[in-house]
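First comes the structure, then the notes that go with it.
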Amino acid sequence: MPERCAVIGVGQTHHTAKRIDVSQAGLLREAALRALEDAGCQWSDIDAVVIGKAPDMFEGVMMPELFLAEALGCVGKPMFRVHTAGSVGGTTAIVASQLVKSGVHGRVLTVAYEKQSESNAMWALSIKIPFRQAIVAGAGGYFAPLIRGYMQRSKAPEDVGIRVALKDRQNALKNPYAHLKFPDIDFDQVANSPMLWDPIRYLETCPSSDGACALVIADEKHAAKAPKQPAWIQATAMRSEPTQFAGRDTVNPQASRDAADELWKKAEITNPREEIDCCEIYVPFSWFEPMWMESLRFAEEGSGWKMTYEGATALDGDLPVNMSGGVLSSNPIGASGMLRFAEAANQVRGEAGEHQVPGAKRALGHAYGGGSQFFSMWVVAQDPL
Amino acid sequence: MADELLSAPHVLEYDYRRSLGEVLSRFFTGLRDRKILGVKTNAGRVLVPPSEYDPESGDATSDDWVEVGPGGVVKSWAWVNEPLGRHLLDHPFAFALIQLDGADTALTHAVDAGSEASMRTGMRVTARFADDTIGAIGDIVAFVPEEGS
């Protein structure tokens with residue numbers, strides 16, 4: 001019989017462009033200490049540590065976990081490193097939850113981070129490999145044609161992406177940890193911002209951030225003693241597929257749909273739109289909101305954009321999406337997936353502050369990574385299943 | 001079967017940045033001033049080189065700093081008979097673990113001892129600083145046998 005498990009502590013840094021005041025170890029230590037404090041735990045209470053970050057090439061430190069053991073209080077304890085590109089923060093939380101669910105450990109600390117100021121992810125994603133044509137366009141150049149594909153399939157109005165970006169940027173104003181904040185943001189500012197990778201405008205794009213996120217995940221025995229409402233992990237799902245393969249549906253990948261189907265089945269959810277109260281999903285470029293709404297079965301294929309258009313995904317809509325301001329507002333890549341999982345947990349714990357969805361009882365945390373090829377998601381709730 | 005098996009060079013280069021944070025910034029600015037600094041753990045152990053976090057307790061190290069050395073004792077060593085271009089010295093030397101006076105841990109550095117025959121575990125050495133210091137480990141050119149030891 002698997003153990004029930006819950007998030008009992010959440011911590012994150014104030015995400016920003018450059019944290020030159022701290023080392024990489026110092027950065028993730030901040031998030032870890034905040035998660036421990038939130039969980040009412042000491043270092044000695046933690047049985048194992050699971051860390052995640054995006055490709056080592058982003059900071060140029062091969063296997064950074066080698067020098068992070070003392071910063072994460074895991075000398076003499078098991079330490080695990082997870083890697084699934086941009087979705088890694090979500091996958092890392094899932095691996096940590098499985099160590100508890102399996103009964104192997106009682107309390108696990110999981111931490112994800114990126115210090116983008118120490119490198120240039122655009123470069124790291126644009127290397128020239130022998131025998132192959134280099135795209136040299138970074139993430140935006142890779143995803144722009146996928147968005148065009150979605151626009152053609154769905155016949156969505158041209159301004160859907162602008163509306164998503166405006167909503168997320170307004171939500172970010174309520175989140176003290178968000179990196180990008182534009183106090184007077186309006187539709188025209190987004191619409192008139194420079195076109196970076198047609199159809200993606202500058203203000204429809206995520207920033208490069210330094211930041212970290214940490215969670216303490218506990219079994220039922222320890223969750224019962226937690227000082228705050230636990231976020232019970234009702235279901236997790238993870239799926240992978242190739243980066244480049246002719247015939248793969250890159251707009252609505254099979255792996256995404258399969259992961260969602262498994263997730264809803266495990267969580268005993270038959271109508272996600274009705275049974276989920278709010279979502280934090282991985283939207284690094286604005287148009288991915290309607291794309292994932294469809295792929296996650298919240299909307300019929302071709303109609304996800306209507307949710308944005310009708311205000312359903314706004315903070316006061318019937319299915320708020322990215323209440324924290326999302327990846328569009330803070331993007332420490334390795335941590336970005338865990339931040340989605342953490343924000344979902346904080347919503348059901350009633351700990352989301354100004355961007356709290358009133359009465360949120362069950363929430364989705366979602367991340368994707370690589371060339372739309374890794375999908376990680378979980379459902380957290382006020383009560384265990 | 002392929003007629004020919006292909007391979008090609010793949011050179012990958014990029015300029016990264018490193019942020020040292022409070023603890024190591026203090027150590028390296030100390031070296032720039034020709035001082036070797038150690039940081040105390042909460043249990044009172046003096047770590048040289050300093051660490052941001054105490055591996056034994058997981059706690060942050062304290063804000064209590066002490067100057068150590070410049071003399072110390074060789075705890076272990078390995079002789080390098082044919083230095084390569086990027087080594088600290090261009091003539092034969094020893095890599096050594098050196099426990100500086102006042103420190104509880106050992107620092108890895110070079111000992112410029114002239115010959116392998118003059119090296120021994122337990123020998124006393126002292127730091128030789130560069131004429132121009134910049135705030136990096138190379139501000140100590142090498143350790144040399146202490147006179148009269």
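In the text below, chain A, chain B and the rest are named by the order of the sequence lines, each starting its count at 1. All values below come from the heavy atoms of this structure, side chains included, with hydrogens, waters and symmetry mates left out.
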Closest non-hydrogen atom pair, A130(B) against G138(B): CB-O, 4.2 Å
Closest contact, heavy atoms only, S330(A) versus A178(A): OG-CA, 3.3 Å
Name of the residue among V48(B), V46(B), V73(B) meeting side-chain contact (heavy atoms from CB on, under 4.5 Å) with L100(B): V48(B)
V111(B)/I98(B) under side chain to side chain contact (heavy atoms under 4.5 Å, CB included): CA gap, chis, key distance, verdict: CA-CA 9 Å; V111(B) 175; I98(B) 299 152; 4.0 Å; yes
Pairs of donor and acceptor atoms, chain A with chain B, under 3.5 Å:
| from | atom 1 | to | atom 2 | distance (Å) |
| --- | --- | --- | --- | --- |
| S23(A) | OG | E52(B) | OE1 | 3.0 |
| S23(A) | OG | E52(B) | OE2 | 2.6 |
| R29(A) | NH1 | G58(B) | O | 2.7 |
| R29(A) | NH2 | G58(B) | O | 2.8 |
| M57(A) | O | Y16(B) | OH | 2.6 |
| E59(A) | O | R18(B) | NH1 | 3.2 |
| E59(A) | O | R18(B) | NH2 | 2.6 |
| K115(A) | NZ | S19(B) | OG | 3.2 |
| E118(A) | O | R17(B) | N | 3.0 |
| E118(A) | OE1 | R18(B) | NH1 | 3.0 |
| E118(A) | OE2 | S19(B) | N | 3.1 |
| E118(A) | OE2 | S19(B) | OG | 3.1 |
| N120(A) | ND2 | Y14(B) | OH | 3.4 |
| K128(A) | O | H10(B) | NE2 | 3.2 |

Chain B contact via F67(A) - which portion, at a heavy-atom distance below 4.5 Å: neither
Interchain contact, L24(B) with chain A, by part (heavy-atom threshold 4.5 Å): neither
L12(B) and M57(A): CA distance, side-chain angles, deciding distance, side chain to side chain contact (heavy atoms under 4.5 Å, CB included) verdict: CA-CA 10 Å; L12(B) 197 54; M57(A) 204 158 53; 3.6 Å; yes
Heavy-atom closest contact (P230(A) atom, A223(A) atom, distance): CG-O, 3.8 Å
Closest heavy-atom pair and its distance - A96(A), T110(A): CB-CB, 3.6 Å
